[in-house]
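Lettering follows sequence order; numbering is per chain, from 1.
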Protein chains: 2
Amino acid sequence: MINTKLSVAIHILTMIATKSDTPITSDFIAGSVNTNPVVIRRISGQLKKAGLISAHVGKASFTLEKEPEEITILMVYQAVQTHDDLFSIHDNPNPHCWIGKNIQSTLDKTFQRAQRALEQELNNQTLADLIKNLSTNR
Amino acid sequence: MINTKLSVAIHILTMIATKSDTPITSDFIAGSVNTNPVVIRRISGQLKKAGLISAHVGKASFTLEKEPEEITILMVYQAVQTHDDLFSIHDNPNPHCWIGKNIQSTLDKTFQRAQRALEQELNNQTLADLIKNLSTNR
DNA sequence: GCATATGTAACCATTATAGTTACAACAAAA
DNA sequence: TTTTGTTGTAACTATAATGGTTACATATGC
(Lines give C-alpha, C1' and ligand atoms only; values in the text may rest on other atoms or scores of the structure.)
Protein backbone atom coordinates (compact mmCIF):
# COMPACT_ATOMS: atom_id res chain seq x y z
CA MET A 1 0.00 0.00 0.00
CA ILE A 2 1.17 3.46 -0.83
CA ASN A 3 2.08 5.80 2.02
CA THR A 4 0.02 8.69 3.34
CA LYS A 5 2.22 11.41 1.87
CA LEU A 6 -0.16 12.15 -1.00
CA SER A 7 -3.02 12.25 1.45
CA VAL A 8 -1.23 14.73 3.71
CA ALA A 9 0.03 16.78 0.77
CA ILE A 10 -3.50 17.29 -0.51
CA HIS A 11 -4.63 18.24 2.96
CA ILE A 12 -1.88 20.85 3.13
CA LEU A 13 -2.75 22.28 -0.27
CA THR A 14 -6.44 22.58 0.49
CA MET A 15 -5.66 24.45 3.70
CA ILE A 16 -3.39 26.86 1.86
CA ALA A 17 -5.90 27.30 -0.94
CA THR A 18 -8.85 28.03 1.31
CA LYS A 19 -7.13 30.17 3.90
CA SER A 20 -8.37 33.68 4.43
CA ASP A 21 -5.95 36.59 4.56
CA THR A 22 -4.47 35.55 7.89
CA PRO A 23 -1.40 33.43 7.13
CA ILE A 24 -1.17 29.85 8.37
CA THR A 25 1.76 28.01 9.90
CA SER A 26 3.00 24.45 9.72
CA ASP A 27 1.92 24.16 13.32
CA PHE A 28 -1.62 25.11 12.47
CA ILE A 29 -1.77 22.73 9.52
CA ALA A 30 -0.35 19.97 11.73
CA GLY A 31 -3.23 20.56 14.10
CA SER A 32 -5.75 19.84 11.36
CA VAL A 33 -3.85 16.88 9.90
CA ASN A 34 -3.16 15.64 13.42
CA THR A 35 0.56 15.09 13.14
CA ASN A 36 3.86 16.73 13.99
CA PRO A 37 4.70 20.12 12.39
CA VAL A 38 7.95 18.69 11.07
CA VAL A 39 6.01 16.15 9.04
CA ILE A 40 4.13 19.05 7.47
CA ARG A 41 7.30 20.99 6.75
CA ARG A 42 8.90 17.91 5.23
CA ILE A 43 6.06 17.49 2.76
CA SER A 44 5.61 21.21 2.13
CA GLY A 45 9.28 21.23 1.19
CA GLN A 46 8.56 18.75 -1.57
CA LEU A 47 5.58 20.77 -2.76
CA LYS A 48 7.78 23.83 -2.79
CA LYS A 49 10.47 22.06 -4.79
CA ALA A 50 7.80 21.02 -7.29
CA GLY A 51 6.77 24.66 -7.70
CA LEU A 52 3.28 24.19 -6.31
CA ILE A 53 3.67 26.43 -3.29
CA SER A 54 6.05 29.01 -1.88
CA ALA A 55 7.26 29.41 1.69
CA HIS A 56 9.86 31.52 3.44
CA VAL A 57 12.04 30.95 6.47
CA GLY A 58 10.95 33.01 9.45
CA LYS A 59 7.56 33.92 8.01
CA ALA A 60 4.19 32.26 8.08
CA SER A 61 3.84 32.61 4.33
CA PHE A 62 2.56 29.47 2.62
CA THR A 63 1.07 30.45 -0.71
CA LEU A 64 -0.11 28.58 -3.77
CA GLU A 65 2.08 29.20 -6.79
CA LYS A 66 -0.63 28.06 -9.19
CA GLU A 67 -4.38 28.32 -9.34
CA PRO A 68 -6.23 25.36 -7.78
CA GLU A 69 -7.64 24.65 -11.25
CA GLU A 70 -4.10 24.23 -12.57
CA ILE A 71 -2.86 21.88 -9.87
CA THR A 72 -3.64 18.31 -10.82
CA ILE A 73 -3.52 15.50 -8.31
CA LEU A 74 -0.91 13.91 -10.56
CA MET A 75 1.39 16.87 -9.93
CA VAL A 76 0.96 16.42 -6.19
CA TYR A 77 1.47 12.68 -6.49
CA GLN A 78 4.69 13.10 -8.43
CA ALA A 79 5.89 15.80 -6.05
CA VAL A 80 5.78 13.53 -3.01
CA GLN A 81 6.52 10.10 -4.43
CA THR A 82 10.11 8.93 -4.17
CA HIS A 83 10.10 6.20 -6.81
CA ASP A 84 9.20 6.79 -10.43
CA ASP A 85 7.85 3.28 -10.76
CA LEU A 86 4.69 2.14 -9.06
CA PHE A 87 5.52 -1.56 -9.31
CA SER A 88 8.86 -3.15 -8.69
CA ILE A 89 10.22 -6.13 -10.58
CA HIS A 90 12.31 -8.82 -8.92
CA ASP A 91 15.90 -8.46 -10.03
CA ASN A 92 18.43 -10.91 -11.42
CA PRO A 93 16.08 -13.51 -12.87
CA ASN A 94 18.05 -16.38 -14.35
CA PRO A 95 19.34 -15.37 -17.80
CA HIS A 96 19.85 -19.03 -18.73
CA CYS A 97 16.10 -19.62 -18.52
CA TRP A 98 14.22 -18.15 -21.50
CA ILE A 99 11.47 -16.90 -19.23
CA GLY A 100 13.87 -15.43 -16.71
CA LYS A 101 15.74 -13.81 -19.54
CA ASN A 102 12.73 -12.00 -20.99
CA ILE A 103 10.34 -11.55 -18.08
CA GLN A 104 11.62 -8.13 -17.05
CA SER A 105 10.94 -6.35 -20.32
CA THR A 106 7.53 -7.98 -20.57
CA LEU A 107 6.55 -7.05 -17.04
CA ASP A 108 7.86 -3.58 -17.68
CA LYS A 109 5.36 -3.06 -20.48
CA THR A 110 2.47 -4.41 -18.44
CA PHE A 111 3.29 -2.35 -15.39
CA GLN A 112 3.85 0.81 -17.37
CA ARG A 113 0.43 0.51 -18.96
CA ALA A 114 -1.16 0.11 -15.55
CA GLN A 115 0.77 3.01 -14.11
CA ARG A 116 -0.17 5.20 -17.06
CA ALA A 117 -3.85 4.44 -16.47
CA LEU A 118 -3.49 5.48 -12.85
CA GLU A 119 -1.66 8.65 -13.70
CA GLN A 120 -4.12 9.66 -16.39
CA GLU A 121 -6.92 9.45 -13.87
CA LEU A 122 -4.93 11.49 -11.34
CA ASN A 123 -4.28 13.99 -14.09
CA ASN A 124 -8.01 14.46 -14.61
CA GLN A 125 -8.62 15.64 -11.08
CA THR A 126 -7.53 19.06 -9.88
CA LEU A 127 -7.18 20.60 -6.47
CA ALA A 128 -10.15 22.79 -7.36
CA ASP A 129 -12.30 19.70 -7.92
CA LEU A 130 -11.35 18.34 -4.54
CA ILE A 131 -12.06 21.59 -2.76
CA LYS A 132 -15.45 21.81 -4.44
CA ASN A 133 -16.17 18.28 -3.29
CA LEU A 134 -15.01 19.15 0.22
CA SER A 135 -17.20 22.24 0.32
CA THR A 136 -20.42 20.38 -0.41
CA ASN A 137 -20.08 18.76 3.00
CA ARG A 138 -19.10 21.99 4.69
CA MET B 1 6.47 1.54 -4.36
CA ILE B 2 4.59 -1.71 -4.51
CA ASN B 3 6.43 -4.91 -3.66
CA THR B 4 7.68 -7.54 -6.10
CA LYS B 5 5.03 -10.12 -5.22
CA LEU B 6 3.01 -9.47 -8.36
CA SER B 7 6.16 -9.65 -10.41
CA VAL B 8 7.15 -13.00 -8.92
CA ALA B 9 3.59 -14.33 -9.08
CA ILE B 10 3.42 -13.67 -12.81
CA HIS B 11 6.79 -15.33 -13.25
CA ILE B 12 5.50 -18.41 -11.43
CA LEU B 13 2.33 -18.56 -13.51
CA THR B 14 4.16 -18.27 -16.82
CA MET B 15 6.45 -21.10 -15.82
CA ILE B 16 3.52 -23.30 -14.91
CA ALA B 17 1.63 -22.34 -18.05
CA THR B 18 4.50 -23.05 -20.41
CA LYS B 19 5.89 -26.17 -18.78
CA SER B 20 6.02 -29.35 -20.85
CA ASP B 21 4.72 -32.61 -19.41
CA THR B 22 7.55 -32.94 -16.90
CA PRO B 23 6.33 -31.38 -13.64
CA ILE B 24 8.17 -28.47 -12.07
CA THR B 25 9.04 -27.81 -8.44
CA SER B 26 9.23 -24.70 -6.31
CA ASP B 27 12.96 -25.26 -6.29
CA PHE B 28 13.12 -25.14 -10.08
CA ILE B 29 10.96 -22.02 -10.26
CA ALA B 30 13.13 -20.41 -7.59
CA GLY B 31 16.12 -21.03 -9.83
CA SER B 32 14.54 -19.02 -12.63
CA VAL B 33 13.23 -16.23 -10.39
CA ASN B 34 16.51 -16.25 -8.50
CA THR B 35 15.21 -16.46 -4.98
CA ASN B 36 14.57 -18.94 -2.20
CA PRO B 37 12.10 -21.82 -2.80
CA VAL B 38 10.15 -20.78 0.28
CA VAL B 39 9.44 -17.42 -1.30
CA ILE B 40 7.97 -19.26 -4.27
CA ARG B 41 5.85 -21.53 -2.08
CA ARG B 42 4.64 -18.55 -0.10
CA ILE B 43 3.34 -16.85 -3.22
CA SER B 44 2.12 -20.04 -4.90
CA GLY B 45 0.08 -20.57 -1.75
CA GLN B 46 -1.72 -17.30 -2.37
CA LEU B 47 -2.31 -18.20 -6.01
CA LYS B 48 -3.69 -21.53 -4.87
CA LYS B 49 -6.02 -19.86 -2.39
CA ALA B 50 -7.25 -17.59 -5.17
CA GLY B 51 -8.08 -20.64 -7.27
CA LEU B 52 -5.58 -19.87 -10.02
CA ILE B 53 -3.39 -22.93 -9.55
CA SER B 54 -3.40 -26.24 -7.75
CA ALA B 55 -0.57 -27.92 -5.85
CA HIS B 56 -0.24 -30.95 -3.63
CA VAL B 57 1.99 -31.78 -0.71
CA GLY B 58 4.62 -34.35 -1.57
CA LYS B 59 4.15 -34.03 -5.33
CA ALA B 60 5.67 -31.77 -7.96
CA SER B 61 2.25 -30.91 -9.27
CA PHE B 62 1.77 -27.21 -9.99
CA THR B 63 -1.05 -26.86 -12.47
CA LEU B 64 -3.10 -23.96 -13.79
CA GLU B 65 -6.73 -24.13 -12.71
CA LYS B 66 -7.83 -21.79 -15.49
CA GLU B 67 -6.83 -21.20 -19.08
CA PRO B 68 -4.16 -18.49 -19.52
CA GLU B 69 -6.76 -16.52 -21.48
CA GLU B 70 -9.03 -16.50 -18.44
CA ILE B 71 -6.42 -15.37 -15.93
CA THR B 72 -6.29 -11.60 -15.83
CA ILE B 73 -3.40 -9.73 -14.25
CA LEU B 74 -5.96 -8.15 -11.97
CA MET B 75 -6.75 -11.59 -10.55
CA VAL B 76 -3.08 -12.16 -9.87
CA TYR B 77 -2.71 -8.70 -8.39
CA GLN B 78 -5.62 -9.22 -6.04
CA ALA B 79 -4.37 -12.69 -5.11
CA VAL B 80 -1.05 -11.44 -3.80
CA GLN B 81 -1.85 -7.98 -2.46
CA THR B 82 -2.51 -7.73 1.26
CA HIS B 83 -4.37 -4.42 1.39
CA ASP B 84 -7.55 -3.75 -0.52
CA ASP B 85 -6.67 -0.09 -0.84
CA LEU B 86 -3.85 1.19 -3.00
CA PHE B 87 -3.54 4.52 -1.22
CA SER B 88 -3.70 5.11 2.49
CA ILE B 89 -5.23 8.13 4.15
CA HIS B 90 -3.79 9.71 7.28
CA ASP B 91 -6.03 8.93 10.21
CA ASN B 92 -7.61 11.08 12.90
CA PRO B 93 -7.62 14.44 11.12
CA ASN B 94 -9.00 17.12 13.40
CA PRO B 95 -12.82 16.91 13.44
CA HIS B 96 -13.04 20.48 14.72
CA CYS B 97 -11.54 21.78 11.48
CA TRP B 98 -14.01 21.67 8.60
CA ILE B 99 -11.30 20.42 6.25
CA GLY B 100 -10.05 17.81 8.67
CA LYS B 101 -13.61 16.73 9.23
CA ASN B 102 -14.38 16.10 5.56
CA ILE B 103 -11.03 15.34 3.95
CA GLN B 104 -11.21 11.59 4.39
CA SER B 105 -14.39 11.03 2.43
CA THR B 106 -13.19 13.35 -0.31
CA LEU B 107 -9.82 11.66 -0.59
CA ASP B 108 -11.57 8.33 -0.55
CA LYS B 109 -13.47 9.20 -3.72
CA THR B 110 -10.37 10.49 -5.47
CA PHE B 111 -8.26 7.49 -4.56
CA GLN B 112 -10.96 5.02 -5.46
CA ARG B 113 -11.27 6.49 -8.94
CA ALA B 114 -7.53 6.20 -9.44
CA GLN B 115 -7.44 2.66 -8.12
CA ARG B 116 -10.33 1.69 -10.38
CA ALA B 117 -8.45 3.02 -13.40
CA LEU B 118 -5.44 0.92 -12.47
CA GLU B 119 -7.50 -2.19 -11.91
CA GLN B 120 -9.40 -1.79 -15.16
CA GLU B 121 -6.14 -1.74 -17.05
CA LEU B 122 -4.88 -4.80 -15.18
CA ASN B 123 -8.16 -6.48 -16.00
CA ASN B 124 -7.56 -5.96 -19.71
CA GLN B 125 -4.36 -7.96 -19.72
CA THR B 126 -4.33 -11.74 -19.40
CA LEU B 127 -1.63 -14.24 -18.66
CA ALA B 128 -1.97 -15.39 -22.27
CA ASP B 129 -1.14 -11.88 -23.50
CA LEU B 130 1.97 -11.79 -21.37
CA ILE B 131 3.14 -15.19 -22.53
CA LYS B 132 2.63 -14.17 -26.14
CA ASN B 133 4.67 -11.06 -25.49
CA LEU B 134 7.36 -13.15 -23.81
CA SER B 135 7.49 -15.59 -26.71
CA THR B 136 8.22 -12.94 -29.30
CA ASN B 137 11.62 -12.49 -27.68
CA ARG B 138 12.19 -16.21 -27.29
C1' DG C 1 11.59 -47.49 4.06
C1' DC C 2 13.42 -43.67 1.71
C1' DA C 3 13.99 -39.83 -1.23
C1' DT C 4 11.51 -35.89 -2.44
C1' DA C 5 7.93 -32.43 -2.45
C1' DT C 6 4.79 -28.86 -0.44
C1' DG C 7 3.13 -26.03 3.52
C1' DT C 8 4.29 -23.25 7.28
C1' DA C 9 6.32 -21.50 11.47
C1' DA C 10 10.04 -18.90 13.17
C1' DC C 11 13.71 -15.84 12.84
C1' DC C 12 16.66 -12.17 10.76
C1' DA C 13 18.44 -8.18 7.95
C1' DT C 14 17.06 -4.40 5.40
C1' DT C 15 14.24 -0.65 4.25
C1' DA C 16 10.50 2.91 4.40
C1' DT C 17 7.44 5.50 7.08
C1' DA C 18 6.09 8.61 10.46
C1' DG C 19 6.91 10.77 14.74
C1' DT C 20 10.03 13.39 17.67
C1' DT C 21 13.74 16.54 19.56
C1' DA C 22 17.00 19.92 18.65
C1' DC C 23 18.76 23.73 16.50
C1' DA C 24 20.42 27.00 12.80
C1' DA C 25 18.74 30.76 9.89
C1' DC C 26 15.76 34.28 9.23
C1' DA C 27 11.72 37.73 9.87
C1' DA C 28 9.11 40.91 12.19
C1' DA C 29 7.18 42.90 16.21
C1' DA C 30 8.19 44.89 20.73
C1' DT D 1 18.28 45.78 19.54
C1' DT D 2 16.09 42.23 21.87
C1' DT D 3 12.59 38.91 21.78
C1' DT D 4 9.39 35.97 19.83
C1' DG D 5 7.92 33.16 16.23
C1' DT D 6 8.65 30.56 11.94
C1' DT D 7 10.78 27.57 8.31
C1' DG D 8 14.30 24.19 7.00
C1' DT D 9 16.95 20.17 8.30
C1' DA D 10 19.67 16.90 10.67
C1' DA D 11 19.47 13.15 13.72
C1' DC D 12 17.32 9.67 16.25
C1' DT D 13 13.55 6.35 17.27
C1' DA D 14 9.65 2.97 16.93
C1' DT D 15 7.04 0.36 13.93
C1' DA D 16 5.86 -2.36 10.04
C1' DA D 17 6.56 -4.71 5.58
C1' DT D 18 9.48 -7.24 2.64
C1' DG D 19 12.31 -10.82 1.29
C1' DG D 20 15.58 -14.30 2.54
C1' DT D 21 16.70 -18.30 5.41
C1' DT D 22 16.54 -22.56 8.38
C1' DA D 23 13.86 -26.12 10.22
C1' DC D 24 10.48 -29.38 10.18
C1' DA D 25 5.80 -31.60 9.85
C1' DT D 26 3.25 -33.92 6.40
C1' DA D 27 2.24 -36.23 2.25
C1' DT D 28 3.60 -38.81 -2.27
C1' DG D 29 5.35 -42.48 -4.79
C1' DC D 30 9.17 -45.43 -6.07
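- If you measure from atom CZ of Arg41(B) to atom C1' of dA5(C), you get 8 Å, rounded to the nearest angstrom.
- Backbone-only contact: Phe62(B) has heavy atoms under 4.0 Å from sugar-phosphate atoms and none from a base.
- No side-chain donor from either of His56(A) and Ser61(A) sits under 3.5 Å from a side-chain acceptor of the other.
- Contact check, Lys59(B) against dG29(D): a side-chain N or O comes under 4.0 Å of OP1 or OP2.
- Nearest nucleotide to the side chain of Val38(A), out of dT7(D), dA9(C), dA22(C): dA22(C).
- OP1 and OP2 of dA18(C) both lie 4.0 Å or more from every side-chain N or O belonging to Lys5(A).
- Closest to the side chain of Asn36(A), out of dT7(D), dT21(C), dG7(C), is dT21(C).
- In this structure, the CD atom of Gln81(B) is 13 Å from the P atom of dA17(D), given to the nearest Å.
- If you measure from atom CG of Leu6(B) to atom P of dT18(D), you get 13 Å, rounded to the nearest angstrom.
- In terms of phosphate contacts, Thr35(B) brings a side-chain nitrogen or oxygen within less than 4.0 Å of OP1 or OP2 of dG20(D).
- Atom CD1 in Ile40(A) sits about 16 Å away from atom P in dT17(C), given to the nearest Å.
- When each of Ser54(A), Pro23(A), Ser26(A) is checked for a side chain to side chain contact (heavy atoms under 4.5 Å, CB included) with Phe62(A), only Ser26(A) meets the rule.
- The nearest whole Å value for the distance from the CD atom in Gln46(A) to the P atom in dG8(D) is 12 Å.
- If you check every strand for non-hydrogen atoms under 4.0 Å, Lys48(A) touches sugar and phosphate atoms only.
- For Lys19(A), the NZ atom is densely surrounded, since the number of other residues' heavy atoms within 6.0 Å is greater than 12.
- Minimum atom distance to the side chain of His83(B) is reached by dA17(D), of the listed dG7(C), dG8(D), dA17(D).
- When the side-chain nitrogen and oxygen atoms of Ser26(B) are compared with OP1 and OP2 of dT6(C), one or more of them lie within a distance under 4.0 Å.
- Between the CD1 atom of Ile43(B) and the P atom of dT8(C) there is a distance of 15 Å, rounded to whole Å.
- Side chain of Thr4(B), nearest nucleotide from dA16(C), dG19(D), dC26(C): dG19(D).
- Neither side chain, Thr126(A) nor Glu69(A), offers a donor N or O lying under 3.5 Å from an acceptor on the other.
- Atom C1' of nucleotide dG19(D) and atom NE2 of His11(B) are separated by 16 Å, given to the nearest angstrom.
- Here dG19(D) is the nucleotide among dG19(D), dA22(C), dT26(D) with the atom lying nearest to any side-chain atom of Arg42(B).
- Between Val57(B) and His56(A), the residue anchored closer to the 5' end of DNA chain C is Val57(B), taking for each the nucleotide with the nearest heavy atom.
- Ring geometry for Phe87(B) versus Tyr77(A): interplanar angle over 60°, hence perpendicular rather than tilted (30 to 60°).
- As a whole-Å value, the separation of Ile29(A) CD1 from dT7(D) C1' is 12 Å.
- Between Gly58(A) and Asn34(A), the one whose closest nucleotide on DNA chain C sits nearer the 5' end is Asn34(A).
- Counting only N and O atoms by type, the side chains of Ser105(B) and Asp108(B) include no donor and acceptor under 3.5 Å apart.
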